[in-house]
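On a predicted model such as this, the values are computed, not experimentally measured, just so you know. In what follows, residues are counted from 1 in the order of the sequence shown.
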Amino acid sequence: MSNSLAPRTHAPAPRLGLLDALRFTAALIVVFYHYTAWGHDHWGTKAAEFWPVLSEFTRYGQLGVQLFFLISGFVILMSVQGKSVIGFIGSRVGRLYPAYWFAVLAAAVLSLKIWPSGNDGRTASDIVPNLTMMQSAFNIQDFDGVYWTLWVELRFYILLGVLLALGFVKNKHIMWLCAIWPGIGLYLHFTNLDKAQDWFAGQYAALFAAGMMLFLIYQSGHTLMRWTLLIFDTAIAAFFTGIKGSFDADYLSGLQIPEWHFQVLAVLCVAVLALCTLTPLKNVRAKWMAVAGSLTFPLYLFHQLWGWWIIEELHGVFNKYVLLFGLVGLMLLWAYLVARFVEKPLGLALRSATTKSLTTAVEWIKSSVTRSAFPMPESKYQQSWHQIR
């Protein structure tokens with residue numbers, strides 16, 4: 001088996017505690033944004049109007065998603081170090097799908113049975129496509145609106161998986177990627193090739209690239225070229241974040257927010273990640289940070305649809321502060337239960353099963369190719385039979 005495909009053991013990368021804390025913070029930012037600033041009326045009126053003071057801050061909460069992409073660039077590139085393609089695929093499948101499948105099925109039950117009035121055109125036929133995490137590629141509606149980011153992430157994983165299979169994950173290759181991919185995103189934007197832009201995830205490429213460049217600096221040290229590429233990627237990330245942030249604020253929430261607000265915040269996100277990974281702060285570790293990091297994915301998956309339903313049902317019963325912070329606490333508890341009893345046991349089993357299945361498939365393919373290219377000599381019995389025929 002080739003070195004790029006064979007599963008192999010490798011020393012785990014040191015855990016960066018503040019990265020866990022930063023991921024958890026990004027998730028909380030998104031949660032409060034969806035509850036208090038997004039343009040829904042589950043509070044009985046528009047969320048931003050119901051929370052006039054708090055929404056002045058939480059209206060920027062969509063930046064939590066951009067922060068996720070930035071952190072993913074760093075963390076996923078770190079995770080492929082020393083891994084085979086099969087090991088990388090197995091780790092991603094085991095990490096993502098158990099909680100995601102559970103979330104999709106739960107969202108389907110909520111939308112189709114418990115809260116049909118909150119359903120926005122979803123049908124039972126959408127369940128199976130949603131389980132793939134690739135439904136957006138086929139223009140099939142997400143069962144929960146937050147799933148759109150997972151297709152963006154998945155394309156990044158596929159890209160790194162292909163590079164890993166080709167052996168192109170050395171520093172020089174990643175630096176070329178961090179220059180070319182965001183550059184393509186800019187080109188597709190200014191040439192209005194929207195379909196191609198969507199497939200290449202071009203408007204998010206610079207966020208992943210900036211995260212990857214920070215990892216290269218973290219791993220291999222400071223050079224002028226690495227910092228130049230980081231600044232280049234940060235500038236492009238700020239450009240696209242400003243456009244999307246201002247548009248979404250208006251389109252989703254009816255809020256008028258200048259692009260430069262989001263641009264400044266995007267640069268700040270890169271700066272914060274740099275502080276957490278390139279300064280002595282990278283040595284900060286605490287058990288609670290690891291626990292908080294483990295809650296991030298299930299909290300993100302479940303908070304929106306289920307939270308909106310609970311808000312609509314109970315906003316006339318409880319004090320709004322009690323309901324808001326109680327709901328956040330409930331979601332954190334639920335995230336812990338999912339992480340503990342769904343993600344952890346099923347993730348390990350799924351990772352192992354995926355790795356084993358892919359290894360077996362590759363061995364079978366190699367064996368078949370070898371037999372076809374170098375057929376075994378016929379036995380004497382077969383030769384005699386051919387003579388008889």
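In this pair, Tyr100 and Tyr147 present their aromatic rings perpendicular. The plane angle is above 60°, beyond the 30 to 60° band. Using cut-offs of 30° and 60° for the angle between ring planes, the Tyr321 and Phe325 rings count as parallel. The aromatic rings of His303 and His34 sit parallel to each other, their planes meeting at less than 30°, with 60° as the upper class boundary.
In this structure, Gln81 contributes its side chain and Leu77 its backbone to a donor-acceptor pair below 3.5 Å. Ser253 places a side-chain N or O within donor-acceptor distance of the main-chain N or O of Ala37, the cut-off being under 3.5 Å. Here the side chain of Trp43 pairs a donor or acceptor atom with the backbone of Tyr35 at under 3.5 angstrom. In this structure a side-chain-to-backbone donor-acceptor pair under 3.5 Å is missing from Asp233 to Leu230.
The distance from atom CG of Leu265 to atom OG1 of Thr241, rounded to the nearest 0.5 Å, is 9.5 Å. Here the CE-CG distance, from Met289 to Asp20, works out to 8.5 Å after rounding to the nearest 0.5 Å. In this structure, the separation between CG on Leu346 and CZ on Phe341 is 12.0 Å, given to the nearest 0.5 Å. Going from atom OG1 of Thr234 over to atom CG of Leu268 covers 11.5 Å, rounded to the nearest 0.5 Å. In this structure, CD in Gln197 is found 9.5 Å from OH in Tyr204, a value given to the nearest 0.5 Å. Taken to the nearest 0.5 Å, the NZ atom of Lys282 stands 8.5 Å off from the OG1 atom of Thr277.
Applying the ring pair (Phe, Tyr, Trp, His ring centres under 6.0 Å) criterion to Tyr157, with sequence neighbours excluded, gives no partner residue. Remark: Ser352 engages no residue in a side chain to side chain contact (heavy atoms under 4.5 Å, CB included) (not counting sequence neighbours). Taking Tyr251 as the reference, Phe247 meet the ring pair (Phe, Tyr, Trp, His ring centres under 6.0 Å) condition, with sequence neighbours excluded. In this structure, the ring pair (Phe, Tyr, Trp, His ring centres under 6.0 Å) partners of Phe68, at least two apart in sequence or on a different chain, are Tyr300.
A donor-acceptor contact closer than 3.5 angstrom links the side chains of Thr58 and Thr36. When only modelled atom types and interatomic distance are considered, Thr149 and Trp151 share no side-chain donor-acceptor pair under 3.5 Å.
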Inset, instruction - Check the pair Gln135, Asp142 against side-chain hydrogen bond (donor to acceptor under 3.5 Å, both in side chains), reporting the backbone distance first and the verdict last. - result: CA-CA 7 Å; Gln135 61 275 9; Asp142 296 317; 2.7 Å; yes
Inset, instruction - In sequence, state the C-alpha distance, the side-chain angles, and the governing distance for His42 and His315, and then conclude on side-chain hydrogen bond (donor to acceptor under 3.5 Å, both in side chains). - result: CA-CA 8 Å; His42 301 302; His315 75 270; over 6 Å; no
Inset, instruction - Would you sort out whether Asp144 and Gln304 count as a side-chain hydrogen bond (donor to acceptor under 3.5 Å, both in side chains), showing the intermediate values? - result: CA-CA 7 Å; Asp144 192 323; Gln304 180 175 274; 3.0 Å; yes
Inset, instruction - Let me see the working for Leu186 and Phe240 under side chain to side chain contact (heavy atoms under 4.5 Å, CB included), right down to the final yes or no. - result: CA-CA 9 Å; Leu186 273 182; Phe240 280 116; 4.1 Å; yes
Legend entry - Residues Phe32, Phe57; criterion ring pair (Phe, Tyr, Trp, His ring centres under 6.0 Å); working and verdict: CA-CA 10 Å; Phe32 278 100; Phe57 302 94; over 10 Å; no
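No option in Phe69, Phe208, Phe200 other than Phe208 meets the ring-ring contact (aromatic ring centres under 6.0 Å, His included) test with Phe156.
Side-chain contact check for Leu28 versus Val328: some heavy-atom pair is nearer than 4.5 Å. Side chains of Asn171 and Gln219 form a contact here, defined as non-hydrogen atoms less than 4.5 Å apart. At least one side-chain heavy atom of Leu22 sits less than 4.5 Å from a side-chain heavy atom of Val272. At least one side-chain heavy atom of Leu150 sits under 4.5 Å from a side-chain heavy atom of Phe297. In this structure the side chain of Leu255 never reaches within 4.5 angstrom of the side chain of Asp250, judged on heavy atoms.
Trp308 and Trp38 have their aromatic ring centers within a separation under 6.0 angstrom.
Pairs of residues two or more places apart, or lying in two chains, that qualify as salt bridge (Lys or Arg N to Asp or Glu O under 4.0 Å) and include a residue from residues 329-358 are Arg95-Glu343. The side-chain hydrogen bond (donor to acceptor under 3.5 Å, both in side chains) contacts involving residues 257-270 comprise Tyr60-His261, where partners must be two or more places apart or lie in separate chains.
Using a cut-off of 4.0 Å between Lys/Arg side-chain N and Asp/Glu carboxylate O, Asp248 and Lys244 are scored as salt-bridged.
Counted within 6.0 Å of CH2 on Trp115, heavy atoms from surrounding residues, nucleotides or ligands total more than 12; the atom is thus considered enclosed. Within a 6.0 Å sphere centred on CH2 of Trp176, other residues, nucleotides and ligands contribute 12 heavy atoms or fewer. Environment of CZ in Phe232: crowded, with over 12 heavy atoms of neighbouring residues, nucleotides or ligands closer than 6.0 Å.
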